[in-house]
Amino acid sequence: MPLFVVYAAANDLGFSRLGLSVSKKIGNAVKRNRVRRLICESCRIMEIPQGFDLVVIARVPAGELPREGSFVKVGRTLSQLFGRLGISK
């Protein structure tokens, strides 16, 4: 089962926007906030090109990631998804 679903659309702005959806199915508030922080930091480091609106939806397995190595796994997964959409640098 995938960790995330990503939707992307081009915009006419000079910057990209990121929207996150992390439902209560992921777990309690601590787990949801951890997943949000991992996604935000991974997207910040990837330097997404300007002019896109992105929505990242976390799936249940994202809340079950172990503490060790989760940042690398989230980054790798998002990089692959953005590559499929053709929006990675």
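- Minimum heavy-atom separation, Leu85 to Ala8: CD1-CB, 3.9 Å.
- Under the 4.5 Å side-chain criterion, counting only non-hydrogen atoms from C-beta, Met46 is in contact with Phe82.
- Under the rule for a side-chain contact (heavy atoms from CB on, under 4.5 Å), Pro2 has no partner lying at least two apart in sequence or in another chain.
- If you run side-chain contact (heavy atoms from CB on, under 4.5 Å) between Leu78 and each of Leu54, Val6, Leu3, only Val6 comes through.
- Under the salt bridge (charged side-chain N to carboxylate O under 4.0 Å, His left out) criterion, the residue pairs touching residues 8-26 are Arg17-Asp53, with sequence neighbours excluded.
- Across all their heavy atoms, Ile87 and Ile48 have their closest contact at O-CG2, 4.4 Å.
- Residues satisfying the side chain to side chain donor-acceptor pair (under 3.5 Å) criterion with Gln80, sequence neighbours excluded, are absent altogether.
- Expressed to the nearest 0.5 Å, how far CZ of Phe71 lies from CG of Leu65 amounts to 12.5 Å.
- Between the CZ atom of Arg59 and the OG atom of Ser21 there is a distance of 8.0 Å, given to the nearest 0.5 Å.
- Partners of Arg76 according to the side chain to side chain donor-acceptor pair (under 3.5 Å) rule, which considers only residues two or more places apart in sequence or in another chain, do not exist here.
- With hydrogens and angles disregarded, a donor-acceptor distance shorter than 3.5 Å links the side chain of Ser42 to the backbone of Leu38.
- Through direct or indirect side-chain contacts shorter than 4.5 Å among Ile, Leu, Val, Met, Phe, Trp and Tyr, Ile57 is connected to Val5, Tyr7, Val55.
- A search for side-chain contact (heavy atoms from CB on, under 4.5 Å) contacts involving Leu20 returns Leu18, Arg36, Ile39, Cys40, Val56, not counting sequence neighbours.
- Every pair passing side-chain hydrogen bond (donor to acceptor under 3.5 Å, both in side chains) that includes a residue from residues 63-73 is listed here, sequence neighbours excluded: Arg34-Ser70.
- Think of Phe15 as one node in a network of Ile, Leu, Val, Met, Phe, Trp and Tyr side chains linked at under 4.5 Å; its network also takes in Leu13.
- Across every non-hydrogen atom of Ser16 and Gly51, the tightest pair is OG-N, 3.3 Å.
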